[in-house]
J.: 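Below: one structure in structure tokens.
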2 protein chains.
Amino acid sequence: MTKRRLPALSPSETEILRLVWLLDKATVQNVCDKLPAGRKISYATVQTLLRRLEKKGYLKHHIRGKAHVFSAAVKREAVIKRSVGDFLDRLFGGDPVPLMQYLAEHGKIDADDIERLKRLTDKK
Amino acid sequence: MTKRRLPALSPSETEILRLVWLLDKATVQNVCDKLPAGRKISYATVQTLLRRLEKKGYLKHHIRGKAHVFSAAVKREAVIKRSVGDFLDRLFGGDPVPLMQYLAEHGKIDADDIERLKRLTDKK
DNA sequence: CAGTATATCGTACATTTGTACAAGCTGTCA
DNA sequence: TGACAGCTTGTACAAATGTACGATATACTG
């Protein structure tokens with residue numbers, strides 16, 4: 001099994017990668033259209049980011065007409081796992097509990113979220 | 001109230017900042033000593049990172065003997081809040097539930113934790 | 001007081017990141 | 001078929017990042 005370590009994701013790359021995941025398959029234009037309203041960033045920049053994501057191994061593409069259609073080259077799960085892991089290490093020394101507490105105490109998650117979550121984990 | 005927006009933290013800076021928080025007050029040497037075993041990074045590099053953290057406004061220092069003693073210049077809480085917020089935005093579009101879910105599914109957090117969490121948020 | 005161990009300071013430098021323009025292809029529609 | 005809208009490619013470039021050396025300053029120790 002080739003569990004090779006892809007080059008790290010930069011913040012902006014992560015932001016773009018998330019949108020590709022969301023769209024499943026996406027052209028540069030598609031990604032641009034999905035950018036949050038306030039995000040002022042040019043088509044060309046999105047394109048560069050997608051190019052880099054592909055070079056780094058996170059995306060692949062096929063051609064449709066004259067456009068590139070990008071899609072995930074590695075499982076989202078795996079990327080999330082690593083990103084969260086790295087983040088946890090850096091900010092909390094790897095201990096997830098403080099993060100959870102933070103989320104709870106700062107209203108990032110509310111009672112409803114907990115309910116949903118409870119259902120999710122119970123089901124497992 | 002001066003809620004100014006400090007320059008973003010880089011991953012390595014975050015890593016070092018966490019150690020200063022942990023130590024409360026720390027010299028370059030102290031930080032080096034707290035680095036996890038595998039982390040190969042020179043004294044000089046740690047020093048640069050601390051310098052940058054101070055320039056960015058996250059740390060301040062006073063002198064003790066010939067050494068600088070660094071400590072937090074802004075509340076850890078505030079930094080955490082922003083870091084987690086940014087991270088959540090980039091990777092999950094701001095929705096914390098998938099993150100919690102990830103934590104849950106990887107055995108980092110179990111049903112009991114969620115129960116406690118529920119109580120925590122209910123009480124608020 | 002002079003030497004030594006320990007600090008900081010100034011600086012450097014290759015990469016990565018964020019951002020984007022300009023030039024050159026290529027479907028498509030009139 | 002020829003022009004045009006829409007894409008990609010090549011390239012650029014300043015700023016941030018990760019990493020660290022060499023020179024200089026300074027507190028202790030004998």
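Just so we're on the same page: letters track the sequence lines, and every chain starts at 1. It should be emphasised that the depicted structure is a prediction, and the values quoted were computed from it without experimental measurement.
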J.: Please determine whether any donor N or O and acceptor N or O are separated by less than 3.5 Å between the side chain of A/Arg51 and the base of C/dT19.
T.: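 Checked by distance alone, the answer is no.
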J.: Just to be sure I understand the rule, does A/Lys40 reach a base, reach only the sugar-phosphate, or reach nothing, if contact means heavy atoms closer than 4.0 Å?
T.: nothing
J.: Between A/Lys66 and D/dT9, is there a contact of a side-chain N or O with OP1 or OP2 at under 4.0 Å?
T.: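 A/Lys66 to D/dT9 OP1/OP2: no side-chain N or O under 4.0 Å.
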J.: Does A/Pro7 offer a backbone N or O that forms a donor-acceptor pair with the side chain of A/Tyr58 under 3.5 Å?
T.: yes
J.: Under 4.0 Å from OP1 or OP2 of C/dT8: is there any side-chain N or O of B/Tyr43 that close?
T.: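 For C/dT8, OP1 or OP2 has a side-chain N or O of B/Tyr43 closer than 4.0 Å.
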J.: If I take atom CG in residue A/Leu49 and atom C1' in nucleotide C/dT19, what distance separates them, rounded to the nearest angstrom?
T.: 9 Å
J.: Would you call A/Arg90-A/Asp86 a salt bridge at under 4.0 Å N-O?
T.: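 Salt bridge between A/Arg90 and A/Asp86, a charged N being under 4.0 Å from a carboxylate O: no.
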J.: Tell me if a side-chain donor or acceptor on B/Lys56 pairs with a main-chain N or O of B/Ala8 at a distance below 3.5 Å.
T.: yes
J.: Using a cut-off of 6.0 Å, state whether more than 12 heavy atoms not belonging to B/Arg5 lie near its atom CZ.
T.: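 Open.
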J.: Give one of base, sugar-phosphate or nothing for A/Pro7, where a contact means two heavy atoms less than 4.0 Å apart.
T.: nothing
J.: What is the separation between atom NZ on B/Lys55 and atom P on D/dA16, rounded to the nearest whole Å?
T.: 11 Å
J.: Phosphate oxygens OP1/OP2 of D/dA20: is one of them under 4.0 Å from a side-chain N or O of B/Ser42?
T.: yes
J.: Applying side chain to side chain contact (heavy atoms under 4.5 Å, CB included), run through A/Glu15 and A/Leu35 and close with a yes or a no.
T.: CA-CA 9 Å; A/Glu15 184 193 356; A/Leu35 282 169; 4.3 Å; yes
J.: Quick one: which of C/dT8, C/dC21, D/dA20 gets closest to the side chain of B/Ala44?
T.: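 Out of C/dT8, C/dC21, D/dA20, the nucleotide with an atom closest to B/Ala44's side chain is D/dA20.
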J.: Indicate whether OP1 or OP2 belonging to D/dG18 is found under 4.0 Å from a side-chain N or O atom of B/Thr48.
T.: no
J.: A/His61 side chain N/O closer than 4.0 Å to the phosphate oxygens (OP1, OP2) of D/dT8?
T.: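 For A/His61, the contact criterion (side-chain N or O under 4.0 Å from OP1 or OP2 of D/dT8) is not met.
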J.: OP1, OP2 of C/dA7 versus side-chain N and O of B/Gln29: anything below 4.0 Å?
T.: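 So the side-chain polar atoms of B/Gln29 do come within 4.0 Å of the phosphate oxygens OP1 or OP2 of C/dA7, strictly under.
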J.: Does OP1 or OP2 of D/dT17 have a side-chain N or O of B/Ser12 closer than 4.0 Å?
T.: no
J.: Rounding to an integer number of Å, can you tell me how far B/His68 NE2 sits from C/dC9 P?
T.: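 B/His68 atom NE2 is separated from C/dC9 atom P by 4 Å.
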J.: If you look at every strand shown and take non-hydrogen atoms under 4.0 Å, does A/Thr45 touch a base, only sugar-phosphate, or nothing?
T.: base
J.: Donor-acceptor pair under 3.5 Å: do we get one between B/Thr27's side chain and the base of C/dA7?
T.: no
J.: Has the side chain of A/Arg64 got a donor or acceptor atom sitting under 3.5 Å from an opposite partner on the base of D/dT8?
T.: no
J.: Quick check for you: among C/dT17, C/dC9, D/dT9, whose closest atom lies nearest to any side-chain atom of A/Gln47?
T.: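 Side chain of A/Gln47 sits closest to D/dT9.
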